[in-house]
Every structure is written in C-alpha cells, then in structure tokens.
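The structure appears below as structure tokens.
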2 protein chains.
Amino acid sequence: MTRTSLKDWNCSLARSLDIIGDKWAMLIVRNAFFGTTTFSGFQAELGIAKNILTNRLKHLTENGILRRLEKDGCYPRYKLTPAGWELSTVFIALLQWGDKHVPPPGGPPLQIVDRETLQPIRALALQSGDGKPLSTKEVRFAKTPADFEKR
Amino acid sequence: MTRTSLKDWNCSLARSLDIIGDKWAMLIVRNAFFGTTTFSGFQAELGIAKNILTNRLKHLTENGILRRLEKDGCYPRYKLTPAGWELSTVFIALLQWGDKHVPPPGGPPLQIVDRETLQPIRALALQSGDGKPLSTKEVRFAKTPADFEKR
DNA sequence: CAGTATCCTCGCAGATACTG
DNA sequence: CAGTATCTGCGAGGATACTG
C-alpha cells in the first residue's frame, strides 16, 4: 500500500532512479555542476520551496552526490562529490536528448560549449578529483549564465 | 500553489525531466528497449499498478516516446519511436553510473553485453529507423532476461 | 488480455512564519 | 543567510472490481 521503493531492486537503473529519479534532484545536480554552491543560490535559481530544497540537499548528501562543507564563520557550501560529477554524463545526455526532441516553446535551445574552444560539447568524460571544479573540461553556456535559468 | 511544471522552462533538461523524470517512465522505456511490448508484460515486470501503467503509457505515447500499434484481432503493442530509442543513451548512462556508485544489496551487478560479441557495452550509439529493433547493436543481458527484473 | 472506473491514502510539494 | 517548523492540499500512486 505504501509507494514502491526502488532501493532494493536488483537493477542499477532502478536504484539510481531512487536517488536522482525526481526532477528536483537532477536539476540541483545540474546547477551544482554549473557552479551553484549555496542554499540561496539553488533556491533562487530553481524557485523551489525551502523545505523541499532542504530535503533534497540532505538526500543528495546522504547518498554521496553532494558534500556539505562548513567553514567556520562562513555559509555552508554544497559541492559535488566525484560520484556527483560523474552524473554529468547522465544529465548531459538527457539535456541533449531534450534539445533534439523537446523543442523549447520559443527560440533556439541553449547550447553547451567548451569554455576554451567554444565548440559544442557532445559528450563529457569527467575524471575530476575530490570535488574540485574541472579545469579544461569545464563547460559554460553560450549565452550568459543569467539567461540560462530564469526560473 | 499547484505543483510547478517544467514543461515551459527554457531548459532542455527541465523539459525532458517533465516527460521522463519520474521513475516509472524511465523503467518502462528501459524495458521497452529490452523487448517488452505488451501491457501485461510491463505490468508483470515492473509490478506497477494498472491504472498507473495506463497513465504512463499514454503519457509516453503522447510525448512521442512510444508508439501504440494495434493490429486487428491482436493485442496492442507498444514500441519505441526513434526518439524513444535515443533515450537509451540516457538510461544506459544512468545504469552504468548506478553500477559504479550504487552497489546492489547482494551479489554483483548485472551486466549489459553486446549480443554478438558478449563484450560489455560502455556506450550506445543508436541510429534505428522507425521503431524497428536494432540489429547488431541490440543488447541483451548476460544473465537470462528472467533474472533481470524480478519485480 | 488490456484496459477503465472507483476509492483511498499518504507523500511531495508549496507557502509562510520563525530562529540562530 | 541558511535553514527549521507547521500547516495545507493536490495528486501520484496503490488496490481492487469490473468490462469488452
């Protein structure tokens, strides 16, 4: 009678979906990937309710996607773990799929380009260390970040 | 006050998540990819409630992921559209991520191998035509299909 | 077999006020 | 700023009975 949990399924996809299978989780990871680190940052960019955001951040932290870093006298920062970084392969695939098959209401889709070459990125191979931002493989948006996520 | 819909966001990822961002949708696509075509097939394999399954199948059909084929005097069959096939890049990425980062409760994870070479598949490039199953690139499970998804 | 029709429940999510 | 606490409610999702 309770909702089925996928945690214990003998299937990696199912278990993965149990962690990042809801829309907010994936969007949070995406924004973390593109540089957001603070509570209010996620909150403003996504327009998500605070308690829900708390929930998701906690859930992602407990499942090893995010790491919560507290420096004394400073705001806590959320950064992707290596496992979190590797999720980029997933949402980039989804993003590109969406670019192709779910056209935006108006205007052309935003593009992800390499920060240096400005060439469109088709797939990412990430091998980051311990949550540090990537150097050359780092990506940005062709449009300004502000354009990107207007809620 | 209503739940936020991602349909109209200016972001391909968000719009994609609105379509296949819930766990059942992705699992249905996965099973469709691996050969399931009938209502009862999905129902038995996933253990999903019938009305929910009806919902999801309708939703996926309306959004161009599945195609519902009716032959007179025969059961309806659900087959992936080309767009649906291309989703495999997404869930394979997720599946492999899960293999690495969300270890199963007991025993080694199942593996996806090439049907002919039996080599593990790391990434798929699909270029299927009109919903037809793929030929050489088709994949199967190293274990029997029956092992695969025991609900 | 492939759904439709109901009913019911509880989880997710939104809004808001409040705290260190 | 970064949450916590509380209230509220829609609606996803489950169970079951029924139909062509």
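Any value given below was found using the heavy atoms of this structure, including those in side chains, with hydrogens, waters and symmetry copies removed. Naming convention: chains lettered A, B, ... in sequence-line order (proteins, then strands); numbering from 1 in each chain. For clarity, every value in this text was computed on a predicted model and none was experimentally measured.
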Note to self: Under the criterion side-chain contact (heavy atoms from CB on, under 4.5 Å), I'd like the reasoning laid out for E70(A) against Y75(A): C-alpha separation, chi angles, the key distance, then a yes or no.
What the structure shows: CA-CA 7 Å; E70(A) 272 195 278; Y75(A) 313 143; over 6 Å; no
Margin query: With side-chain contact (heavy atoms from CB on, under 4.5 Å) as the criterion, how do R67(A) and L80(A) come out once you've worked through the C-alpha distance, each side chain's angles and the decisive distance to 0.1 Å?
Written below: CA-CA 6 Å; R67(A) 184 170 294 132; L80(A) 289 168; over 6 Å; no
Check: Between T36(A) and E45(A), is a side chain to side chain donor-acceptor pair (under 3.5 Å) present by the stated rule, with each step listed?
Finding: CA-CA 9 Å; T36(A) 306; E45(A) 288 163 3; 2.7 Å; yes
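To the nearest angstrom, C1' of dG13(D) lies 13 Å from CD of Q43(B). Protein atom CD of E45(A) is 13 Å distant from nucleotide atom P of dC1(D), rounded to whole Å. One atom, CG of D22(A), and another, P of dG14(C), lie 11 Å apart when rounded to the nearest Å. Between the CD1 atom of I28(B) and the P atom of dG3(C) there is a distance of 12 Å, rounded to whole Å. One atom, CG of L57(A), and another, P of dC1(D), lie 15 Å apart when rounded to the nearest Å. Rounding to whole angstrom units, CG of residue L17(B) and P of dA13(C) are separated by 12 Å. Protein atom CG of D18(B) is 14 Å distant from nucleotide atom P of dG11(D), rounded to whole Å. Put simply, CZ on R68(A) is 8 Å from C1' on dA2(D), counting in whole angstrom units.
You'll find the ring centres of F91(B) and F33(B) inside the 6.0 Å limit.
Shown for residues 48-56 of chain B: residues whose heavy atoms fall under 4.0 angstrom of DNA chain C, namely K50(B), N51(B), T54(B).
Taking CG from L57(A) and CD1 from I65(A), the interatomic distance works out to 12.5 Å, rounded to the nearest 0.5 Å. To the nearest 0.5 Å, the span separating CG on L66(B) from CD1 on I28(B) amounts to 7.5 Å.
Of all non-hydrogen atoms in L17(B) and K23(A), the two that sit nearest each other are CD1-O, 3.7 Å. Here the closest non-hydrogen pair linking I48(B) and F42(B) is CG2-O, 4.3 Å.
Proximity of Y78(B) to the phosphate of dC1(C): no side-chain N or O atom is located under 4.0 Å from OP1 or OP2. For the OP1/OP2 pair of dG11(C) and a distance below 4.0 Å, the side-chain nitrogens and oxygens of R3(B) include no atom meeting the criterion. A close approach under 4.0 Å does not occur between any side-chain nitrogen or oxygen of T2(A) and OP1 or OP2 of dG14(D).
A stem is defined here as three or more consecutive Watson-Crick or G-U pairs, each with both distances under 3.5 Å; for DNA chain C these stems are C:1-20 with D:1-20.
The residue R77(B) sits apart from the nucleic acid: no heavy atom pair falls under 4.0 Å.
Position along DNA chain D of the nearest nucleotide to S5(A) versus S40(A) favours S40(A) as the more 5'-ward residue.
Among residues two or more places apart in sequence or in another chain, the side chain to side chain contact (heavy atoms under 4.5 Å, CB included) test is passed with S40(A) by T38(A).
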